[in-house]
Asker: 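Just passing along the structure, written as structure tokens.
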Amino acid sequence: MAQQAYMTETDDSGGSGPERRGDRLRRLIGRLAAGWRGDPRIWRRGLVVAALALLLSLVMLLHSRIPNRFGNLGSLTETFLPWFGLLIPVFLILAVVRRSASALIAVVLPAVVWLNLFGGLLSDKTGGGGDLTVATHNVNADNPDPSDTARDVAASGADVVALEELTASAVPVYEKALTATYKYHSVQGTVGLWSKYPLSAVKPVDIKLGWTRAMRATVTTPQGEVAFYVAHLPSVRVKLQAGFTARQRDKSADALGEAIADERLSRVILLGDLNGTMNDRSLNAVTSQMRSTQGAAGDGFGFSWPASFPMARIDQILVKGVEPVTSWTLPQTGSDHLPIAARVKLTTSDG
């Protein structure tokens with residue numbers, strides 16, 4: 001009899017444990033729902049949060065309409081546009097705290113807009129294969145250890161490497177560190193190209209600065225000739241009085257775009273620090289005719305600057321007549337930028 005009582009008690013306890021936990025969760029949800037259902041102000045509260053959520057949606061949806069006449073506000077917004085998504089969970093929390101149905105519904109809109117703009121970058125689009133690996137790095141003129149930086153970039157396995165922000169004193173250091181891996185190279189002004197394959201038709205590219213910060217070269221790969229451009233567009237500044245000052249950068253981007261449009265070879269790869277993101281309309285002269293390897297074959301946003309806490313991808317690998325296979329960010333070096341790399345397929349139907 002005692003045994004039967006023990007078994008009955010054990011069975012009841014074992015069977016009711018999960019049920020009690022489920023009941024508690026249902027009761028909690030029920031209380032929350034009941035509180036919302038019984039609140040006559042559920043639609044009137046949180047209107048400020050709802051309005052802010054709708055404003056955020058409009059900013060992201062119509063970012064290209066934000067004028068650049070006042071401190072290049074449009075380009076500034078587009079540079080950091082992905083980070084606007086961080087406001088969405090903030091508005092969601094405020095909507096829940098305020099118990100506002102209006103705010104909750106309004107928060108859905110910026111979430112949909114953000115996913116439409118950047119949702120594709122959240123998936124891993126990297127693939128295998130490819131014919132050529134390329135890398136680019138703004139090495140920083142004040143780099144304390146250029147030799148180690150050069151070796152780090154070479155360790156990526158890249159067949160062609162572009163370096164920007166080279167100083168006259170550092171060039172021999174980079175040449176010495178890279179000569180064992182790259183038989184061919186050319187330095188034009190403050191940019192350089194190192195390659196395992198022969199270079200020809202090397203020349204500086206005039207981007208309207210008065211000194212050389214861009215170059216062009218033909219690289220003869222086993223799959224044929226490819227035009228390589230290396231560019232370091234002028235820096236931009238955010239100033240309290242002047243806003244996002246980028247006039248010289250924009251002028252140089254237009255000149256670079258013209259040079260690429262006039263390129264005779266069908267396969268073109270641009271490597272460099274463009275001091276702007278793919279969202280920045282001021283780079284349209286370049287980005288409208290080329291594809292980003294990160295956008296086409298990367299995993300995530302691939303932010304490259306600043307190296308200590310990357311917030312934007314201003315270093316770019318762009319291609320035309322070439323198929324991106326995979327794109328990634330390399331580990332930090334002694335620079336304030338992260339190096340980036342990509343593998344591409346040259347044997348496309350266009351090439």
Asker: Leu346 versus Leu132: any side-chain heavy-atom pair under 4.5 Å?
Answerer: yes
Asker: Just do the side-chain contact (heavy atoms from CB on, under 4.5 Å) check on Val97 and Ile93 with the steps written out, would you?
Answerer: CA-CA 6 Å; Val97 170; Ile93 292 171; 4.2 Å; yes
Asker: What's the spacing between Met215 CE and Leu271 CG if we round to 0.5 Å?
Answerer: 10.5 Å
Asker: Between Trp194 and His185, how do the two ring planes meet: parallel, tilted or perpendicular, split at 30° and 60°?
Answerer: parallel
Asker: Donor-acceptor pair, distance only, cut-off 3.5 Å: does the side chain of Ser57 make one with the backbone of Ala53?
Answerer: yes
Asker: As a test of understanding, state which of Leu58, Leu54, Leu56 forms a side chain to side chain contact (heavy atoms under 4.5 Å, CB included) with Leu109.
Answerer: Leu54
Asker: How far apart are the C-alpha atoms of Thr277 and Thr79, what are their side-chain angles, what is the distance that settles it, and do they pass the side-chain hydrogen bond (donor to acceptor under 3.5 Å, both in side chains) test?
Answerer: CA-CA 6 Å; Thr277 68; Thr79 298; 4.8 Å; no
Asker: If we ignore hydrogens and angles and just use 3.5 Å, is the side chain of Thr179 paired with the main-chain N or O of Lys176 as donor and acceptor?
Answerer: no
Asker: Is there side-chain contact between Thr149 and His137, with at least one heavy-atom pair below 4.5 Å?
Answerer: yes
Asker: Apply the test side-chain hydrogen bond (donor to acceptor under 3.5 Å, both in side chains) to residues Thr326 and Arg343: give CA-CA distance (whole Å), side-chain angles for both, the deciding distance (0.1 Å), then the verdict.
Answerer: CA-CA 5 Å; Thr326 184; Arg343 188 157 178 81; over 6 Å; no
Asker: Does the side chain of Asp336 reach to within under 4.5 Å of the side chain of Pro306, using non-hydrogen atoms?
Answerer: no
Asker: So Asp152 and Pro331, do their side chains get closer than 4.5 Å, heavy atoms only?
Answerer: no
Asker: Check the pair Val286 / Leu318 against side-chain contact (heavy atoms from CB on, under 4.5 Å), numbers first and verdict last.
Answerer: CA-CA 9 Å; Val286 175; Leu318 306 181; 3.7 Å; yes
Asker: Under the salt bridge (charged side-chain N to carboxylate O under 4.0 Å, His left out) test, which residues partner Asp142, sequence neighbours left out?
Answerer: none
Asker: Carefully, step by step, assess Asp254 and Arg249 under the rule salt bridge (Lys or Arg N to Asp or Glu O under 4.0 Å).
Answerer: CA-CA 9 Å; Asp254 291 342; Arg249 191 277 312 267; over 6 Å; no
Asker: Are Leu233 and Leu163 connected into the same hydrophobic cluster when the rule is that any two of I, L, V, M, F, W, Y join if their side-chain heavy atoms are below 4.5 Å apart?
Answerer: no
Asker: Can you measure from CD1 (Ile314) to CG (Asn138) and round to the nearest 0.5 angstrom?
Answerer: 7.5 Å
Asker: Go through it in stages, so that I can follow the logic: the residues are Asp273 and His337, the test is side-chain contact (heavy atoms from CB on, under 4.5 Å), and I'd like the CA-CA distance, side-chain angles, deciding distance and then a yes or no.
Answerer: CA-CA 9 Å; Asp273 173 7; His337 291 244; 3.3 Å; yes
Asker: Sorted by first residue and then second, give each salt bridge (Lys or Arg N to Asp or Glu O under 4.0 Å) pair with at least one member in residues 104-120; sequence neighbours left out.
Answerer: none
Asker: Are Leu330 and Val134 connected, step by step, through hydrophobic side chains (Ile, Leu, Val, Met, Phe, Trp, Tyr) whose heavy atoms are closer than 4.5 Å?
Answerer: no
Asker: Run the salt-bridge test on Glu165 and Arg213 with the 4.0 Å N-O cut-off and return the result as yes or no.
Answerer: no
Asker: Roughly how far, to the nearest 0.5 Å, is the OG1 atom of Thr333 from the CG atom of Leu338?
Answerer: 7.5 Å
Asker: Do you know which two heavy atoms are closest between Asn143 and Ser335, and how far apart they sit?
Answerer: ND2-N, 3.7 Å
Asker: Is Val153 reachable from Trp305 through a run of hydrophobic residues whose side-chain heavy atoms are each under 4.5 Å from the next?
Answerer: no
Asker: For a side-chain contact (heavy atoms from CB on, under 4.5 Å) check, start with the C-alpha distance between Leu94 and Val49, then their side-chain angles and the critical distance, and finish with the verdict.
Answerer: CA-CA 7 Å; Leu94 290 174; Val49 176; 4.0 Å; yes
Asker: For the side chain to side chain donor-acceptor pair (under 3.5 Å) test, which of Lys320, Arg216, Gln289 pairs with Glu263?
Answerer: Arg216
Asker: For the pair Glu225 and Arg267, find out whether any cationic side-chain nitrogen is under 4.0 Å from an anionic carboxylate oxygen.
Answerer: no
Asker: Compare every heavy atom of Arg45 with every heavy atom of Arg99, then report the nearest pair and how far apart it is.
Answerer: O-NH2, 3.2 Å
Asker: Of the non-hydrogen atoms in Asp315 and Ile340, which two are nearest, and what is the gap between them?
Answerer: O-CD1, 3.3 Å
Asker: Would you call Glu78 and Arg281 a side-chain contact if the rule is heavy atoms closer than 4.5 Å?
Answerer: yes
Asker: Can you find a pair of side-chain heavy atoms, one from Val161 and one from Leu193, that are under 4.5 Å apart?
Answerer: no
Asker: Can Asp148 and Arg151 be said to form a salt bridge (Lys or Arg N to Asp or Glu O under 4.0 Å), step by step?
Answerer: CA-CA 5 Å; Asp148 272 357; Arg151 283 191 288 269; 2.7 Å; yes
Asker: Return the CG to CG distance between Asp250 and Asn284, rounded to the nearest 0.5 Å.
Answerer: 10.0 Å
Asker: Do any N or O atoms from the side chain of Lys125 and from the backbone of Gly120 form a donor-acceptor pair under 3.5 angstrom?
Answerer: yes
Asker: Counting C-beta onward and ignoring hydrogens, is there a side-chain heavy-atom pair between Gln316 and Leu270 closer than 4.5 Å?
Answerer: no
Asker: Between Thr136 and Glu164, does a side-chain hydrogen bond (donor to acceptor under 3.5 Å, both in side chains) hold up when you go through it step by step?
Answerer: CA-CA 8 Å; Thr136 182; Glu164 303 87 47; 2.7 Å; yes
Asker: Write down the atom of Pro324, the atom of Val319, and the distance for their closest heavy-atom approach.
Answerer: CG-CG2, 3.8 Å
Asker: Is any side-chain heavy atom of Leu199 less than 4.5 Å from a side-chain heavy atom of Val219?
Answerer: yes
Asker: Nearest 0.5 Å, please: how far is CD1 in Ile269 from CD1 in Ile260?
Answerer: 11.5 Å
Asker: Can you tell me if Asp131 uses its side chain to pair, donor with acceptor, with the backbone of Gln223 under 3.5 Å?
Answerer: no
Asker: Are the aromatic rings of Trp83 and Phe301 close, with centres under 6.0 Å apart?
Answerer: no
Asker: May I ask whether Phe303 and Phe80 are part of the same hydrophobic cluster, defined by side-chain heavy atoms of I, L, V, M, F, W, Y residues being less than 4.5 angstrom apart, directly or through others?
Answerer: yes
Asker: Can you give me the closest heavy-atom contact between Thr126 and Asp124, atom names plus distance?
Answerer: OG1-OD1, 2.6 Å
Asker: Testing the basics here: between Pro110 and Ile88, what is the closest heavy-atom pair and its distance to 0.1 Å?
Answerer: O-CD1, 3.5 Å
Asker: Checking salt bridge (Lys or Arg N to Asp or Glu O under 4.0 Å) for the pair Asp206/Lys208: CA distance, chi angles, key distance, verdict?
Answerer: CA-CA 6 Å; Asp206 182 12; Lys208 312 302 181 185; 3.6 Å; yes
Asker: Side-chain heavy atoms nearer than 4.5 Å, only ILVMFWY residues, links allowed to pass through others: does that put Leu115 and Leu92 together?
Answerer: yes
Asker: Partners of Trp114 by ring pair (Phe, Tyr, Trp, His ring centres under 6.0 Å), sequence neighbours excluded?
Answerer: Phe118
Asker: Using 0.5 Å steps for rounding, measure from the CD1 atom of Ile317 to the OG1 atom of Thr293.
Answerer: 4.5 Å
Asker: Are Gln188 and Thr212 close enough that a side-chain donor and a side-chain acceptor fall under 3.5 Å?
Answerer: no
